[in-house]
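Note that the structure is a prediction, hence the values are computed from the model and not measured.
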Amino acid sequence: MSVLNALSVSRRPAAAFVVVGVFWGCFAAHVPVIKAQLGVNDAVFGLLLLGSATGLVSAMWLAPRADRVLGGRGMQVGVVFLSLAWLLPGWMTLPLLFAATMALVGLASGLLDVVMNARVSELEAKHDRPLMNANHAMFSVAYAAAAIVVSVTREMGLPPTPVFAAFSVLCILMVPFIRMDVTYVGAEDGYAGRYPLWPIVLCGAIVLVAFMSEATVEAWSALHVERTLGGGAAEGALGPAMLGLTMAVGRFSGQAIAERYREVVVVVVASLISASGAVIAAVAPTPLIAYLGFGILGLGVSVIGPMGLALVGKLVAPHLRTEAISRVAVIGFSGFFFAPMLMGLMSEAFGLRVAFAAVALLLISAVPLAMAVARLAPTGRAKVAA
């Protein structure tokens, strides 16, 4: 019941999370088609995804100003922008044009990401309860649902463009329900102080590890199933779908866990669980075993990113919250795009099995980062001690 209540309290940003999840799930399941359409190898495809990283990083620095200008309509504008941007990449056949359209997607996705996470953090402060995991769970539900839909449309032979267009129409229809008024807090309200560098750096690094791992499975799981393990188109699309489903379960569970256990403990345990899933995916002899690995990875990694974003929102003064979340997002969300590039280079050199094994090592690195966060001086606004 606490999950349903959390979603009721944060229903407007939760709808924005659904929009972002729908499009990235659609893209992940279409990766084999888009890559073949471009006619490039793994390394080049990974480099092309740097286009979205460029747009994303730009968005993170622009987001606080855009948030001030747009106010209560920030999420609405972000949803429309993202829905229109995703109409372009699916029909690109020239690599450079694909990279340019992905830069536009990254810009739109980044702006909406920062604003919707800031709104959740504001609601957490207002209601004095964790809400981040429930909202990120809605991203995962939408991501999995879109990937499952694409597994059907790919078997039917539909190209990516009409599928993206259908999702765009559905998401734009949600715009009237996403407006949320904003209450801005000024430094004169008793929260002035030195800029919080270390909370941003450490929480950003935790989010980076989580989202790099998540992005790796999103972008390359379908190829791993189809190429390494000999699966069909529908079986390949079920790779990212399995990740989305288990991440949804993990985040809904994480909503309840976050109300009972300290964040650092949760991050450490989740990192070790997700690392074991990456190892299983790396050594899997069949698609079924790979799904098991993706599922365990999804269960663990699902709570790490939301915990990092929630932590920085609690560790900084209220008037710095949106800016701090945008800075953490610069570090963290860039993992969604740098990871596929690095994965492509590693896959080209050593194969996808080795690349997935490297993800396990990456996830383990979140353990010392979480312990470093626990050593931050208490602020009275976060339960971070181990």
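- Counting only distance, with no hydrogens or angles, the side chain of Q76 and the backbone of I178 share no donor-acceptor pair below 3.5 Å.
- With contacts defined as side-chain heavy-atom distances shorter than 4.5 Å, the pair D113/F139 does not qualify.
- A donor-acceptor pair is defined here as one N or O able to donate and one able to accept, closer than 3.5 Å; such a pair exists between the side chain of H224 and the backbone of A281.
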Test side-chain contact (heavy atoms from CB on, under 4.5 Å) on V19 and M116; report intermediate values, then the result. CA-CA 11 Å; V19 171; M116 68 191 189; over 6 Å; no

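- The two residues V105 and P89 make their nearest non-hydrogen contact at CG2-CG, 3.8 Å.
- In the hydrophobic clustering of ILVMFWY residues, with side-chain heavy atoms under 4.5 Å counting as a link, L369 and I364 come out apart.
- Panel note: side chain R73, backbone L70; no donor-acceptor pair is recorded below 3.5 Å.
- A heavy-atom distance below 4.5 Å is found between the side chains of T153 and V149.
- Note on E214 versus R251: salt bridge recorded, some NZ/NE/NH1/NH2 to OD/OE distance being below 4.0 Å.
- Using a 4.5 Å heavy-atom threshold, the side chains of M132 and N117 count as touching.
- To the nearest 0.5 Å, atom CG of residue N41 and atom NZ of residue K35 are 6.5 Å apart.
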Subject >> CA sep, side-chain torsions, deciding dist, call: T228, R353, side-chain contact (heavy atoms from CB on, under 4.5 Å) >> reply: CA-CA 8 Å; T228 309; R353 291 191 185 277; 3.9 Å; yes

message: Run I289 and I280 through side-chain contact (heavy atoms from CB on, under 4.5 Å) and show every step you take.
response: CA-CA 7 Å; I289 301 300; I280 292 172; 3.9 Å; yes

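- By the 4.5 Å heavy-atom criterion applied to side chains, I296 and I273 are counted as neighbours.
- At distances below 3.5 Å, at least one donor-acceptor pair connects side-chain atoms of Q37 with backbone N or O atoms of G90.
- For S302 (side chain) and G298 (main-chain N/O), a donor-acceptor pair under 3.5 Å exists by modelled atom type.
- At a threshold of 4.5 Å between non-hydrogen side-chain atoms, the residues V141 and V18 do not count as touching.
- Note that OG of S10 and CZ of R119 are 13.5 Å apart. Values are rounded to the nearest 0.5 Å.
- Note on V33: it does not cluster hydrophobically with F167, by side-chain heavy-atom contacts below 4.5 Å among ILVMFWY residues.
- Within the 4.5 Å cutoff, the side chain of L107 has heavy atoms near those of the L62 side chain.
- Annotation: R179, atom CZ; neighbour count of heavy atoms from other residues, nucleotides and ligands within 6.0 Å is above 12.
- A donor-acceptor pair under 3.5 Å links the side-chain atoms of H30 to the main chain of C26, judged by distance alone.
- Contact of the I331 side chain with the V207 side chain is not registered, since no non-hydrogen atoms from C-beta on lie closer than 4.5 Å.
- Considering CD1 of I148 and CG of L245, their distance stands at 5.0 Å, rounded to 0.5 Å.
- The aromatic rings of F27 and F98 sit parallel to each other, their planes meeting at less than 30°, with 60° as the upper class boundary.
- The CH2 atom of W24 lies 5.5 Å from the OG atom of S109; values are rounded to the nearest 0.5 Å.
- One hydrophobic cluster, built from ILVMFWY side chains closer than 4.5 Å, cannot hold both F17 and L173; they sit in different ones.
- Between L88 and T101, the closest heavy-atom pair is CB-CG2, 3.7 Å.
- The two residues M180 and P13 have their closest heavy-atom pair at SD-CD, 3.9 Å.
- Side-chain contact between I206 and I304: present, with at least one pair of heavy atoms (C-beta onward) separated by less than 4.5 Å.
- Closest approach of P160 and I34 over heavy atoms only: CG-CG1, 4.3 Å.
- Summarising the local packing, CG of L96 is surrounded by 12 or fewer heavy atoms from other residues, nucleotides or ligands at distances under 6.0 Å.
- In this structure, P95 and L48 approach most closely via the heavy-atom pair O-CD2, 3.5 Å.
- Linking ILVMFWY residues whenever their side-chain heavy atoms come closer than 4.5 Å, directly or via other members, leaves V279 and V268 in distinct clusters.
- The SG atom of C171 sits 11.0 Å away from atom CG of L84, with the distance rounded to the nearest 0.5 Å.
- Here the straight-line distance linking atom OG of S168 with atom CZ of F23 works out to 3.5 Å at 0.5 Å rounding.
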Run the numbers on L288 and L292 for side-chain contact (heavy atoms from CB on, under 4.5 Å), then give the verdict. CA-CA 6 Å; L288 187 62; L292 175 64; over 6 Å; no

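- A donor-acceptor contact shorter than 3.5 Å links the side chain of S274 to the backbone of S271.
- Heavy atoms only, all atoms of each residue included: G250 and V303 are closest at O-CG1, 3.5 Å.
- Residues L97 and V31 are members of one and the same hydrophobic cluster, defined by side-chain heavy-atom contacts under 4.5 angstrom among Ile, Leu, Val, Met, Phe, Trp and Tyr.
- By the 30° and 60° cut-offs, the orientation of the rings of F356 relative to F294 is tilted.
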